[in-house]
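Given the structure is predicted, the values throughout are model-derived calculations rather than measurements.
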Amino acid sequence: RKSTMMKQLLSTPLFFIGPRASGKTSVAKALGHHLGLDARCVLDTDQLVVDRAGMSIAEMVDRDGWDQFRQAEHEALAEACSRPAPVLVSTGGGIVLREDNRALMRTNGTVVYLQCAVETLAERLRQDPNAAQRPALTGLTLEQEVKAVLEARAPLYASCAHYRVDGGLSLPEVVAELETTLSLPLLEDEPLS
């Protein structure tokens with residue numbers, strides 16, 4: 001049986017945030033399957049952008065620049081917020097860069113930050129680089145880029161998260177931790193620091 005709190009949380013969108021390769025899409029799909037949700041209840045903001053643009057994120061950024069991509073990402077997030085519940089939303093790693101995105105997620109649903117160590121993220125990116133979906137953000141080596149981006153964004157992830165979960169665990173362990181974690185009362189007034 002799923003907990004009452006889990007069902008209450010799913011009355012609004014459940015957003016997964018975190019850096020590239022933290023497992024947001026995999027976790028959203030696995031949790032959706034675990035809860036018996038229709039696959040249409042699991043959204044990926046990057047995929048919404050790609051579907052609308054008719055090109056990969058790397059192509060879009062190359063053609064239109066990061067600002068245009070961030071605007072398209074914001075529109076995809078707004079669309080995800082408007083979908084009828086239940087909806088599990090995997091977000092792009094940089095979605096937290098815009099304050100309006102952080103506010104939109106925090107006020108319209110529950111936000112889960114999938115935290116991972118730099119080494120875990122770098123190893124996952126080495127194993128599945130997916131350059132079309134995850135274009136390089138800097139001219140640094142993979143480890144240096146992951147570390148620099150994570151250092152810059154970690155406070156933003158934490159500022160809008162209701163919950164933190166260890167994204168470095170195996171997928172079944174993350175789903176089990178989510179079920180346990182999401183049965184806790186929400187941190188209504190104070191975001192995680």
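- Under the 4.0 Å criterion applied to side-chain N and carboxylate O atoms, Arg83 and Glu79 are assigned as salt-bridge partners.
- Of the inter-residue distances, the one linking Leu14 atom CG with Thr12 atom OG1 reads 8.0 Å to the nearest 0.5 angstrom.
- You'll find the side chain of Val165 stays beyond 4.5 Å of the side chain of Gln115, heavy atoms only.
- Residues Val174 and Asp166 approach most closely at CG2-O, 3.5 Å, considering heavy atoms.
- A donor-acceptor pair under 3.5 Å is absent between the side-chain atoms of Gln47 and the main chain of Asp44, judged by distance alone.
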Could you go through the side chain to side chain donor-acceptor pair (under 3.5 Å) check for Gln144 and Thr141 one step at a time? CA-CA 5 Å; Gln144 291 170 331; Thr141 67; 3.1 Å; yes

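- Checked by atom type and distance alone, the side chain of Glu179 never pairs as donor or acceptor with a backbone atom of Ala176 at under 3.5 Å.
- Classification of Arg52 and Glu73 as a salt-bridged pair fails, no side-chain N sitting under 4.0 Å from a carboxylate O.
- Side-chain contact annotation: Gln68 with Arg63, donor-acceptor N/O pair under 3.5 Å absent.
- Between the side chain of Thr45 and the backbone N or O of Gly92, at least one donor-acceptor pair lies under 3.5 Å.
- For the residue pair Met105 and Cys160, the shortest heavy atom distance occurs at CE-SG, 4.2 Å.
- Checking side-chain atoms of Arg164 against main-chain N and O of Tyr113 turns up no donor-acceptor pair under 3.5 Å.
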Apply side chain to side chain contact (heavy atoms under 4.5 Å, CB included) to the pair Tyr163 and Thr110, showing each step before the final yes or no. CA-CA 8 Å; Tyr163 300 104; Thr110 303; 3.6 Å; yes

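- Counting heavy atoms from C-beta on, the side chains of Met55 and Val50 never come closer than 4.5 Å.
- No side-chain donor from either of Glu123 and Thr120 sits under 3.5 Å from a side-chain acceptor of the other.
- No more than 12 heavy-atom neighbours from other residues, nucleotides or ligands sit within 6.0 angstrom of CG on Asp67.
- Between Leu121 and Pro19 the shortest heavy-atom distance is CD1-CG, 3.5 Å.
- Side-chain contact check for Phe15 versus Leu77: some heavy-atom pair is nearer than 4.5 Å.
- Annotation for Glu75: atom CD counts as buried by contact number, over 12 foreign heavy atoms lying within 6.0 Å.
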If you apply the rule side chain to side chain contact (heavy atoms under 4.5 Å, CB included), what do you find for Leu31 with Phe16, and how did you get there? CA-CA 11 Å; Leu31 183 61; Phe16 293 96; 3.9 Å; yes

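- Shown here for Ala30 and Val175, the closest heavy-atom pair between the two residues is CB-CG2, 3.8 Å.
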Show your reasoning for whether salt bridge (charged side-chain N to carboxylate O under 4.0 Å, His left out) applies to Glu145 and Arg20. CA-CA 11 Å; Glu145 177 174 290; Arg20 295 182 301 161; 2.4 Å; yes

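- Side-chain contact check for Asp46 versus Phe69: some heavy-atom pair is nearer than 4.5 Å.
- Leu37 is not connected to Leu48 by any chain of hydrophobic side-chain contacts under 4.5 Å among Ile, Leu, Val, Met, Phe, Trp and Tyr, and they are in different clusters.
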Can you list the steps and then say if His74 with Asp100 is a side chain to side chain contact (heavy atoms under 4.5 Å, CB included)? CA-CA 8 Å; His74 173 74; Asp100 55 350; 3.3 Å; yes

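- Among residue pairs with one or both ends in residues 85-97, none qualify as salt bridge (charged side-chain N to carboxylate O under 4.0 Å, His left out); sequence neighbours excluded.
- Taking 4.5 Å as the limit, some side-chain heavy atom of Leu182 sits within range of a side-chain heavy atom of Val112.
- Shortest non-hydrogen contact noted between Gly168 and Arg124 is CA-NH2, 3.7 Å.
- Interatomic distance, CD1 of Ile57 versus CG of Asp62, reported as 13.5 Å (0.5 Å rounding).
- Looking at Lys147 and Glu119, no side-chain N of the basic residue comes within less than 4.0 Å of a carboxylate O on the acidic one, giving no salt bridge.
- Closest approach of Ala161 to Ile17, counting heavy atoms only: CB-CD1, 4.5 Å.
- Side chain of Ser159 to backbone of Leu156: a donor-acceptor contact under 3.5 angstrom is found.
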Go through it in stages, so that I can follow the logic: the residues are Val27 and Leu171, the test is side chain to side chain contact (heavy atoms under 4.5 Å, CB included), and I'd like the CA-CA distance, side-chain angles, deciding distance and then a yes or no. CA-CA 7 Å; Val27 168; Leu171 205 47; 3.7 Å; yes

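- Counting heavy atoms from C-beta on, the side chains of Leu43 and Val87 come closer than 4.5 Å.
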